[in-house]
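On a predicted model such as this, the values are computed, not experimentally measured, just so you know. Residue numbers start from 1 in every chain, and the chains themselves are labelled A, B, ... in the order their sequence lines are given, proteins ahead of strands.
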Protein chains: 2
Amino acid sequence: MREFLKTKGFKMTPQRELIFRSFFELDRHVSVDELYDKVRQQDNTIGYSTVWRNLKLICKVGLAEEVNLGDGVTRYDRVTQGPHGHLYCLQCKELVEFDVEPVLEFLTVAADEHKFAPDGIKIEIQGHCAKCRKANKKKARPVDQPAAKRLAEKRP
Amino acid sequence: MREFLKTKGFKMTPQRELIFRSFFELDRHVSVDELYDKVRQQDNTIGYSTVWRNLKLICKVGLAEEVNLGDGVTRYDRVTQGPHGHLYCLQCKELVEFDVEPVLEFLTVAADEHKFAPDGIKIEIQGHCAKCRKANKKKARPVDQPAAKRLAEKRP
DNA sequence: ATTGAAAATGAAATTCGATTTCATTTGGCT
DNA sequence: AGCCAAATGAAATCGAATTTCATTTTCAAT
């Protein structure tokens with residue numbers, strides 16, 4: 001990694017080493033805060049801005065990319081093998097990946113038709129995971145409308 | 001619209017009327033600031049928070065939804081006929097829509113395989129529009145390496 | 001028409017993640 | 001060893017999003 005960074009004009013430091021290692025150890029899609037917490041457990045002198053800057057650096061050198069789910073927190077997603085979409089549970093915030101290979105060509109063609117040169121493709125499905133749905137069913141079961149009323153509304 | 005809102009328990013006001021009308025008149029994907037500017041031209045007493053709250057309300061009643069392109073500004077996209085993806089030019093910020101009907105089923109199945117109940121699907125292609133690419137070519141044409149040097153590097 | 005509760009408004013303040021500033025330290029070269 | 005650009009940490013700043021609060025307005029029930 002030291003060599004890799006050197007070729008891009010960046011230096012290696014103990015802090016950077018720890019931050020990079022922690023990022024790649026951690027499960028994907030971490031926020032700055034999450035990584036900061038993890039790093040802090042091993043070196044409680046590292047500054048927040050250092051973690052932030054290094055996360056940005058990881059993106060800049062192409063090893064990760066930002067993910068925005070619209071909840072106001074930027075997450076950093078390790079760039080791995082292939083392109084993938086995100087399934088995002090609106091309730092528990094779980095984020096799982098799924099393969100999008102089969103739709104890539106369609107999207108590329110679509111971009112082409114509009115004369116766009118695509119740089120990145122993002123596919124996100126927001127919804128509710130199985131666990132949360134099961135939990136919801138137990139708790140807040142909606143009150144069933146009486147059949148009489150239901151029928152009454154059909155023919156006013 | 002007054003009646004529509006009433007059924008959902010909201011009241012109509014002159015400000016709301018103007019904000020709603022402006023939103024639907026405006027091209028899609030407006031930010032709060034953009035809508036605020038437009039509204040202000042017609043009534044310079046309307047407060048920013050009123051515009052913000054009404055934009056949220058438009059979403060709440062299902063007439064629009066938030067779009068996050070990761071540039072730090074939330075836009076509000078009128079919900080129209082069918083689902084669509086976004087082509088987003090990273091340079092000039094132009095945002096155009098394209099039909100995603102053909103990939104919907106694939107994505108639904110994918111969600112299902114992971115036991116997710118999808119609420120919304122977002123497909124975004126970031127890149128560069130034709131206009132920006134053409135402009136770039138004119139300006140920052142990369143300096144062509146002399147043939148001699150190119151050849152020299154091939155066989156050291 | 002009057003009225004009272006709930007909803008809406010406008011201005012200002014607050015929140016909070018992202019980003020920058022700046023003084024100091026450090027890495028990696030000669 | 002000595003230099004200089006890059007990196008760091010703490011604190012300050014930024015800006016969009018959101019909330020607070022005192023006041024006004026809507027609208028349904030009188």
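A side-chain N or O of A:T45 and one of A:D43 form a donor-acceptor pair less than 3.5 Å apart. In this model, no donor atom of one side chain and acceptor atom of the other lie less than 3.5 Å apart for A:H84 and A:E101.
Here the P atom of nucleotide D:dA7 and the NZ atom of A:K8 are 14 Å apart, to the nearest Å. Rounded to whole Å, the distance from CG on A:L57 to P on C:dT19 is 15 Å. Atom-to-atom, OH of A:Y36 to C1' of D:dG9 comes out at 10 Å; the value is rounded to the nearest Å. The NZ atom of A:K56 sits 18 Å away from the C1' atom of D:dT8 (whole-angstrom rounding). Here the C1' atom of nucleotide D:dA17 and the OH atom of B:Y76 are 8 Å apart, to the nearest Å. The distance between atom NZ of B:K60 and atom C1' of D:dT18, rounded to the nearest whole Å, is 13 Å. Regarding B:E17, its CD atom lies at a distance of 16 Å from the C1' atom of C:dT9, rounded to whole Å. Protein atom CG of A:D71 is 13 Å distant from nucleotide atom C1' of C:dC16, rounded to whole Å.
Within the nucleic acid shown, A:D33 has no heavy atom closer than 4.0 Å to any nucleic acid atom. A:T74 comes within 4.0 angstrom of the backbone, heavy atoms only, and of no base.
Under 4.0 angstrom from either OP1 or OP2 of D:dT8 there lies at least one side-chain N or O belonging to A:R16. When the side-chain nitrogen and oxygen atoms of B:T50 are compared with OP1 and OP2 of C:dA8, none of them lie within a distance under 4.0 Å.
Checking B:T45 against A:Y48, the closest nucleotide of DNA chain C that is more toward the 5' end is the one next to B:T45.
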I'd like to compare against my own output: the B/S/- annotation of nucleotides 19-30 of chain D with a strict under-4.0 Å heavy-atom distance to protein.
BB-----BSS--
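Between the side chain of A:N44 and the backbone N or O of A:R40 there is no donor-acceptor pair closer than 3.5 Å.
For A:E25, the CD atom sits in a packed shell: over 12 heavy atoms of surrounding residues, nucleotides or ligands are nearer than 6.0 Å. The environment of NZ in B:K115 is sparse: at most 12 heavy-atom neighbours from other residues, nucleotides or ligands sit within 6.0 Å.
With sequence neighbours excluded, no residue forms a side-chain hydrogen bond (donor to acceptor under 3.5 Å, both in side chains) with B:E17.
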Residues 57-76 of chain A side chain polar contacts: donor-acceptor under 3.5 Å, at least two apart:
residue, atom, partner, partner atom, Å
A:E66, OE2, A:K56, NZ, 2.6
A:D71, OD1, A:V73, N, 3.1
A:D71, OD2, A:R75, NH2, 3.1
A:D71, OD2, A:Y88, OH, 2.9

